[in-house]
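My questions all concern the structure below.
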Amino acid sequence: MDDELHERIRAVISDVPAGTVSTYGDIAALSGAPSPRMVGRVLAEDGHDLPWQRILRANGTPAPHLAHEQLARLRAEGVLADGQRVNLREYRWRPEGLEDKEPEGLF
DNA sequence: GCCTTGACGCGGC
DNA sequence: CGCCGCGCCAAGG
């Protein structure tokens with residue numbers, strides 16, 4: 001796998017501010033990953049030192065096996081979940097300068 | 001080089 | 001809500 005891309009994915013994730021969340025799809029788009037799966041792969045292998053709790057699935061639900069821990073961490077930084085689901089429209093992170101990273105309107 | 005596995009996504013029913 | 005299928009792509013067997 002391309003180390004360059006690997007680092008870019010990590011960089012984008014670490015840019016997500018506390019109190020906000022993002023999705024695998026967004027991270028993939030912003031980092032240039034070919035597929036959202038790559039984001040999950042990077043987190044699974046090399047995400048221990050990243051704010052992984054801020055990355056949710058497209059529908060606002062967290063990763064199944066870590067759901068409990070993830071939601072607890074988010075709650076601790078002010079992100080409240082409605083059961084298993086976080087309201088993305090309220091907490092989703094909006095990148096600062098997305099003109100230079102993003103192809104076009106993704107929102 | 002084929003097959004299986006995932007921290008995934010999306011449209012259909 | 002839930003279940004299903006299909007697309008996606010790198011890693012490991």
Side-chain angles (χ1 to χ4, degrees):
Chain A
M1 147 118 203
D2 183 5
D3 288 340
E4 165 65 23
L5 173 60
H6 185 95
E7 286 310 313
R8 224 179 319 151
I9 292 177
R10 288 174 51 77
V12 174
I13 294 175
S14 57
D15 275 347
V16 181
T20 71
V21 299
S22 193
T23 68
Y24 294 89
D26 285 355
I27 299 301
L30 292 171
S31 64
S35 158
R37 283 186 178 282
M38 291 309 312
V39 179
R41 178 173 288 287
V42 170
L43 276 139
E45 298 175 354
D46 202 27
H48 45 293
D49 59 329
L50 293 172
W52 54 269
Q53 67 273 25
R54 297 177 198 147
I55 309 305
L56 304 170
R57 300 202 272 190
N59 60 5
T61 60
H65 58 292
L66 290 171
H68 191 76
E69 172 68 13
Q70 183 159 15
L71 290 176
R73 287 184 174 226
L74 286 175
R75 195 164 48 247
E77 53 184 67
V79 177
L80 305 178
D82 171 21
Q84 284 277 283
R85 190 173 300 97
V86 170
N87 187 326
L88 293 183
R89 295 220 254 206
E90 183 175 0
Y91 298 106
R92 189 186 217 181
W93 170 52
R94 283 186 141 293
E96 300 302 316
L98 33 71
E99 311 84 33
D100 54 333
K101 296 179 174 180
E102 215 175 339
E104 58 202 82
L106 177 67
F107 293 102

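Residue numbers start from 1 in every chain, and the chains themselves are labelled A, B, ... in the order their sequence lines are given, proteins ahead of strands.
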- More than 12 foreign heavy atoms under 6.0 Å from NE2 of A/His48: is that the case here?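 Count over threshold, so yes.
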- Between B/dG9 (C1') and A/Ile27 (CD1): distance, integer Å: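 So the two atoms are 15 Å apart, to the nearest Å.
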- Message: For A/Ser35, give me all partners under side chain to side chain contact (heavy atoms under 4.5 Å, CB included), at least two apart in sequence or on another chain.
- Response: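 Only A/Arg37 meet the side chain to side chain contact (heavy atoms under 4.5 Å, CB included) criterion with A/Ser35.
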- Message: Rounded to whole Å, how long is the line connecting atom OH of A/Tyr24 with atom C1' of B/dC10?
- Response: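 Answer to the nearest Å: 17 Å.
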- Task: In whole angstrom, give the distance that lies between atom CE of A/Met38 and atom P of B/dG9.
- Result: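 Rounded to whole Å, this separation is 14 Å.
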- Item | Candidates B/dG9, B/dA7, C/dC9 - which lies nearest the side chain of A/Leu43 |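 When the side chain of A/Leu43 is considered, B/dA7 is the closest of B/dG9, B/dA7, C/dC9.
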- Query: Whole-Å distance between B/dA7 P and A/Asp49 CG?
  - Reply: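 The answer, rounded to whole Å, is 19 Å.
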- Starting at CG of A/Asp46 and ending at C1' of B/dA7, how long is that distance when rounded to a whole Å?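 One finds 14 Å between C1' of B/dA7 and CG of A/Asp46, rounded.
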- Item | Contacts of type side chain to side chain contact (heavy atoms under 4.5 Å, CB included), residue A/Glu69, not counting sequence neighbours |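 Result, side chain to side chain contact (heavy atoms under 4.5 Å, CB included) vs A/Glu69: A/Trp52, A/Arg73.
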- Query: Heavy-atom contacts under 4.0 Å between residues 57-67 of chain A and DNA chain B, which residues?
  - Reply: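 A/Arg57, A/Ala58, A/Ala63, A/His65, A/Leu66, in order of number.
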- Could you state the CG-C1' distance from A/Leu5 to C/dA10, rounded to the nearest angstrom?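 That distance rounds to 11 Å.
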- To the nearest angstrom, how far is A/Asp26 atom CG from B/dC10 atom P?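 After rounding, the reported distance stands at 9 Å.
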- Which residues pass the side-chain hydrogen bond (donor to acceptor under 3.5 Å, both in side chains) test with A/Asn59, sequence neighbours left out?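 For A/Asn59, the residues satisfying side-chain hydrogen bond (donor to acceptor under 3.5 Å, both in side chains) (neighbours in sequence not counted) are A/Thr61.
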Please tabulate, one pair per line, all N/O donor-acceptor pairs under 3.5 Å involving side-chain atoms of residues 17-25 of chain A, not counting sequence neighbours.
residue	atom	partner	partner atom	Å
A/Thr20	OG1	A/Pro17	O	2.7
A/Thr23	OG1	A/Asp26	N	3.1

- Task: Among the candidates B/dG9, B/dA7, C/dA11, find the nucleotide nearest to the side-chain atoms of A/Arg41.
- Result: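 Out of B/dG9, B/dA7, C/dA11, the nucleotide with an atom closest to A/Arg41's side chain is C/dA11.
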- Message: In whole Å, I'd like the distance from the CG atom of A/Asp82 to the P atom of C/dC1.
- Response: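 Distance, rounded to whole Å: 8 Å.
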- Search all heavy atoms of A/His6 against all heavy atoms of A/Val42 and return the closest pair with its distance.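 Minimum heavy-atom separation between A/His6 and A/Val42: ND1-CG2, 3.8 Å.
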- Message: Can you list everything that forms a salt bridge (Lys or Arg N to Asp or Glu O under 4.0 Å) with A/Asp49? Sequence neighbours excluded, please.
- Response: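 Partners of A/Asp49 under the salt bridge (Lys or Arg N to Asp or Glu O under 4.0 Å) test: A/Arg10.
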- Query: Which residue, A/Glu45 or A/Pro36, contacts DNA chain C at a nucleotide closer to its 5' end, judged by nearest heavy atom?
  - Reply: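 Closest to the 5' end, via its nearest nucleotide, is A/Pro36.
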